S.K.: 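Got a structure here, written out as structure tokens. Questions coming.
Here is the naming used below: chain letters follow the sequence lines, and residue numbers restart at 1 for every chain. Computed from a predicted structure; not experimentally measured.
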Protein chains: 2
Amino acid sequence: MPTLTKQEAPTLRDVAAAAGVTIATASRSLTGAYGVHPETRKRVMETATLLNYKPNRSARALVTGHSNVIGLVVSDVRNPYFAEVARGAEDAAYAAGFDLLLCNSDLYADRQMRYINSLLEKRVEGIIMNSVANLSRKDQTFIVDSGVPVVLLYQSAGGTPFSTVSADSERGGELAAEYLLAHGHRHMMYLAGSRQHANLSKRAQGFLQVVRRFGHKAEAGVMYGTHTLAGGYEIARSLFRKLGNTTAIATANDVIAFGVIKAAIELGVNIPRDVSLIGFDDVELASIVHPPLTTIRQSKYEIGGAAVDILLRLAAGKDRSPEHRVLGVELVERASVGAPPSGRGKR
Amino acid sequence: MPTLTKQEAPTLRDVAAAAGVTIATASRSLTGAYGVHPETRKRVMETATLLNYKPNRSARALVTGHSNVIGLVVSDVRNPYFAEVARGAEDAAYAAGFDLLLCNSDLYADRQMRYINSLLEKRVEGIIMNSVANLSRKDQTFIVDSGVPVVLLYQSAGGTPFSTVSADSERGGELAAEYLLAHGHRHMMYLAGSRQHANLSKRAQGFLQVVRRFGHKAEAGVMYGTHTLAGGYEIARSLFRKLGNTTAIATANDVIAFGVIKAAIELGVNIPRDVSLIGFDDVELASIVHPPLTTIRQSKYEIGGAAVDILLRLAAGKDRSPEHRVLGVELVERASVGAPPSGRGKR
DNA sequence: TCGATTCTTGGAAGCGATTGCGAAATGCCT
DNA sequence: AGGCATTTCGCAATCGCTTCCAAGAATCGA
């Protein structure tokens with residue numbers, strides 16, 4: 001009776017032996033390389049499937065120098081925005097025969113760097129990161145020097161050695177402000193999320209700029225926190241306690257807005273009757289919260305896809321110059337913005 | 001002037017040469033193996049960091065046979081449930097020094113098998129999958145024969161060669177039914193999501209069983225579809241057109257319930273006045289939709305963590321017997337369930 | 001002081017694939 | 001049939017690392 005030892009996976013050598021060729025032609029047969037007789041190839045492939053052979057990717061990676069995996073470093077997949085980006089990236093990677101390594105950094109510099117190091121050890125073909133704003137300059141040059149293609153999910157006018165792809169954050173901020181202004185709001189508050197977060201501050205910039213341009217009749221404050229539901233909730237709770245004359249709230253993303261909604265429900269403030277709310281992202285759930293959230297739509301899934309597109313071009317090695325792609329945004333009107341309440345919002 | 005060739009990453013040989021030792025001791029120094037003089041180790045490590053050396057994981061994996069990566073195959077990370085599980089798994093993997101490869105199968109058998117093949121080629125230490133119910137028996141034995149440790153996010157009483165970890169789906173279904181019954185509902189509809197999905201049907205089972213036990217005074221129908229927001233939306237639209245005497249809807253997960261809410265908003269039906277709704281999962285957003293969703297809470301993050309726990313034990317090789325872990329559920333009461341409307345729901 | 005341990009290090013054999021180079025085999029033409 | 005161009009295939013090197021084995025150095029007890 002044979003001992004029940006752990007079955008070792010068949011190697012190329014096994015296949016070659018069984019097919020009566022050397023591992024060289026076996027390899028060429030399997031990889032589809034030119035220069036092997038159709039008949040022998042057929043034979044090799046049949047024995048390969050027969051033996052249930054699977055090439056060892058580590059071995060292949062070692063000699064070819066290609067791991068065929070790309071790393072995705074986001075702050076948190078639980079953020080529906082990143083989940084969508086991740087899915088877009090994964091689909092694109094899959095289509096190109098690449099695999100996606102998922103990393104959640106929580107935007108902690110040390111954690112992010114540990115991930116990057118790990119990815120570099122894996123010799124990934126490229127890295128998609130939502131941001132490097134929280135990293136020290138030293139860390140950033142470290143990444144640049146490592147030579148991996150990097151694309152950031154963040155809007156840049158250039159000046160970065162990294163490629164970037166993102167929605168037009170600034171324009172989105174502008175849209176939000178214009179919309180609120182058009183509805184008669186003059187005293188607004190912008191919940192900007194993390195100060196670190198480049199995209200979010202771009203959105204704030206766009207927003208504030210429009211308000212400022214509107215003249216002294218309008219004003220907007222900014223509050224920082226974290227760009228999570230909990231963060232929005234916290235800030236909103238304190239904000240609702242002393243709303244003053246602010247009649248509208250704009251948030252840097254939908255999740256923050258969700259936090260605001262949660263706080264509003266708890267504190268009994270009615271959106272949009274008591275205060276208007278506009279988000280950013282147009283996450284799937286934005287349409288079913290109450291009230292349905294008016295927000296700025298950006299193409300999250302496409303951003304993920306574009307990121308790996310760029311990465312693959314960079315990784316191909318022909319043209320290593322960074323690319324900056326920015327996708328359009330649009331306002332989607334739902335029910336969370338109304339006219340300012342007649343009582344407040346007046347001087 | 002040196003040609004500006006693409007910088008090749010330094011290898012162990014480079015480090016060894018620079019430190020004046022052989023690659024053998026260099027390796028031992030870096031891996032922390034026993035039996036190298038503290039002083040030489042220090043010297044090696046210093047030159048390693050100086051040269052910015054990073055071990056090639058492919059090479060290491062090739063010789064050690066350990067890839068230190070585990071695969072996560074879910075239907076879609078955009079589903080907040082899986083996003084949470086993914087995060088839990090990723091954190092646990094990270095803590096153990098493992099990496100997580102993300103795969104979205106959409107529950108398509110061919111796509112799932114392609115992923116599994118790819119993961120096997122990568123010689124992953126284990127695979128976490130939400131289900132194998134959609135796979136043919138042949139595919140399933142293929143996976144078993146491959147010898148990788150597998151843990152399913154699905155409840156099993158045993159009988160599977162795979163390990164499983166999940167919430168107590170059946171009990172959850174029971175809780176939902178009991179709660180609805182207690183609120184006076186007698187004519188209920190269960191939106192079960194995919195027929196394939198083992199967890200979801202377990203939930204339906206629990207639900208229906210309680211209703212059945214209640215006697216002929218109560219009844220519950222079942223409708224199948226997809227377990228997505230869109231799926232819930234579709235079904236709810238048709239359901240709302242001919243509600244009949246059903247006064248309460250239970251869904252197999254929160255996302256389906258969200259779809260119901262969306263349809264309700266569009267069609268002007270009021271939850272819970274016109275019809276009550278109870279979900280399953282307690283996704284973060286469940287508390288901020290309108291109305292806040294009464295639902296069954298399960299520990300999604302912990303499930304992800306538990307899955308890699310089991311996987312690592314299995315991968316360690318000592319004990320390869322499958323383990324079945326089931327986590328508790330609890331009802332969280334919010335505002336989507338009320339008494340049945342006086343007009344309907346009577347015989 | 002000397003043999004016996006114990007430490008420390010080097011040499012070398014792989015891990016499982018890819019691939020350049022040359023040899024053998026085949027086909028084609030005159 | 002002979003010569004030459006092509007195919008087809010095998011040999012062996014190599015990728016970067018771990019680890020067994022043995023040899024030299026250091027340490028120790030008596």
Side-chain angles (χ1 to χ4, degrees), chain A residues 6-45 47-48 51-69 97 118 120-125 146, chain B residues 6-45 47-48 51-69 97 117-118 120-125:
Chain A
K6 189 190 165 191
Q7 196 69 14
E8 286 300 329
T11 75
L12 190 57
R13 187 208 310 284
D14 301 329
V15 176
V21 294
T22 64
I23 60 170
T25 62
S27 171
R28 279 187 277 254
S29 303
L30 269 352
T31 58
Y34 167 82
V36 30
H37 193 90
E39 210 162 88
T40 49
R41 159 162 308 170
K42 179 157 162 285
R43 181 158 41 94
V44 169
M45 297 195 69
T47 58
L51 294 183
N52 204 4
Y53 166 77
K54 284 181 223 337
N56 183 321
R57 298 273 225 111
S58 296
R60 177 178 296 175
L62 181 56
V63 36
T64 63
H66 288 297
S67 62
N68 271 32
V69 355
S118 171
L120 290 178
E121 292 185 359
K122 286 219 158 48
R123 302 297 191 268
V124 295
E125 312 272 352
S146 79
Chain B
K6 188 190 166 190
Q7 195 71 17
E8 286 300 328
T11 74
L12 189 58
R13 188 208 307 286
D14 300 328
V15 176
V21 294
T22 64
I23 61 170
T25 63
S27 171
R28 279 188 280 254
S29 302
L30 269 353
T31 57
Y34 168 82
V36 33
H37 194 88
E39 209 163 89
T40 51
R41 160 163 307 172
K42 181 159 160 285
R43 182 157 41 94
V44 171
M45 297 195 69
T47 57
L51 294 184
N52 204 5
Y53 166 77
K54 284 183 223 335
N56 184 320
R57 296 273 226 110
S58 295
R60 177 177 296 175
L62 181 57
V63 36
T64 63
H66 288 298
S67 61
N68 272 32
V69 355
N117 260 302
S118 171
L120 289 178
E121 292 186 0
K122 287 220 157 49
R123 303 296 192 268
V124 294
E125 311 272 350

S.K.: Looking at Glu121(A) and Lys54(B), is there a salt bridge between them, counting it only when a charged N and a carboxylate O are closer than 4.0 Å?
M.R.: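 Looking at Lys54(B) and Glu121(A), the cut-off is not met.
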
S.K.: Measure the spacing between CG of Asn68(B) and NZ of Lys122(A) and express it to the nearest 0.5 Å.
M.R.: 7.0 Å

S.K.: Describe the nucleic acid contact of Thr31(B) in one word from base, sugar-phosphate, nothing, applying a heavy-atom distance below 4.0 Å.
M.R.: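 Result for Thr31(B) = sugar-phosphate.
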
S.K.: Do you know the tightest heavy-atom contact between Asp14(A) and Thr11(A)?
M.R.: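 Distance-wise, the nearest heavy atoms are OD2-N, 2.8 Å.
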
S.K.: Between the protein and nucleotides 7-9 of chain D, list every N/O to N/O distance that falls short of 3.5 Å.
M.R.:
residue	atom	partner	partner atom	Å
dC9(D)	OP1	Thr40(A)	OG1	3.3
dC9(D)	OP2	His37(A)	N	2.7
dC9(D)	OP2	Thr40(A)	OG1	3.0

S.K.: Looking at the side chain of Pro55(B), which of dC15(C), dT18(C), dC17(D) is the nearest nucleotide?
M.R.: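 For Pro55(B), the side-chain atoms sit closest to dC17(D).
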
S.K.: Between C1' on dC15(C) and NZ on Lys54(A), what's the gap in Å once rounded to a whole number?
M.R.: 19 Å

S.K.: Send over the distance from Arg60(B) CZ to dA17(C) P, rounded to a whole Å.
M.R.: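 Distance check: Arg60(B) CZ to dA17(C) P gives 21 Å.
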
S.K.: Under 3.5 Å, side chain of Ser27(A) to main-chain N/O of Ile23(A), donor-acceptor pair present?
M.R.: no

S.K.: Atom CD of Glu121(A) to atom P of dG16(D): distance rounded to whole Å?
M.R.: 15 Å

S.K.: Using a cut-off of less than 4.0 Å, is there contact between a side-chain N or O of Ser27(B) and OP1 or OP2 of dC17(D)?
M.R.: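 Checking Ser27(B) against dC17(D): no side-chain N or O falls below 4.0 Å of OP1 or OP2.
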
S.K.: Return the value, rounded to whole Å, for the distance between atom NZ of Lys122(A) and atom C1' of dC17(D).
M.R.: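 One finds 15 Å between C1' of dC17(D) and NZ of Lys122(A), rounded.
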
S.K.: Round to a whole Å and report the spacing from CG of Asp14(A) to P of dG16(C).
M.R.: 9 Å

S.K.: Between dC15(C) atom C1' and Leu62(B) atom CG, what is the distance in whole Å?
M.R.: 4 Å

S.K.: Give me the atom names and distance for the closest heavy-atom approach of Leu12(A) to Tyr53(A).
M.R.: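 Residues Leu12(A) and Tyr53(A), closest heavy atoms: N-CE1, 3.4 Å.
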
S.K.: Taking atom P of dT18(D) as reference, at what distance in whole Å does atom CG of Asn56(B) sit?
M.R.: 10 Å

S.K.: Show me the donor-acceptor pairs within less than 3.5 Å that the side chains of residues 58-67 of chain B make with the rest of the protein, sequence neighbours left out.
M.R.:
residue	atom	partner	partner atom	Å
Thr64(B)	OG1	Arg60(B)	O	2.9
Thr64(B)	OG1	His66(B)	N	3.1
His66(B)	ND1	Glu125(B)	OE1	3.3
His66(B)	ND1	Glu125(B)	OE2	3.4
Ser67(B)	OG	Val69(B)	N	3.4
Ser67(B)	OG	Arg123(B)	O	2.7

S.K.: Rounded to the nearest angstrom, tell me the gap between atom CD1 in Ile23(A) and atom C1' in dA12(D).
M.R.: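 Going from CD1 in Ile23(A) over to C1' in dA12(D) covers 9 Å.
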
S.K.: If you check the Arg13(A) side chain, which of dC17(D), dC15(C), dG10(C) turns out closest?
M.R.: dC15(C)

S.K.: Toward the 5' end of DNA chain C, which comes first, Ala26(B) or Thr64(A), by nearest nucleotide?
M.R.: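 The residue closer to the strand's 5' end, by nearest nucleotide, is Ala26(B).
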
S.K.: On a heavy-atom basis, which atom in Pro10(A) and which in Asn52(A) lie closest, and how many Å separate them?
M.R.: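 Heavy atoms only, the tightest pair is CG-O, 3.8 Å.
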
S.K.: Measure from the side-chain heavy atoms of Ala24(A) and tell me the nearest of dG10(D), dA12(C), dG16(C).
M.R.: dG10(D)

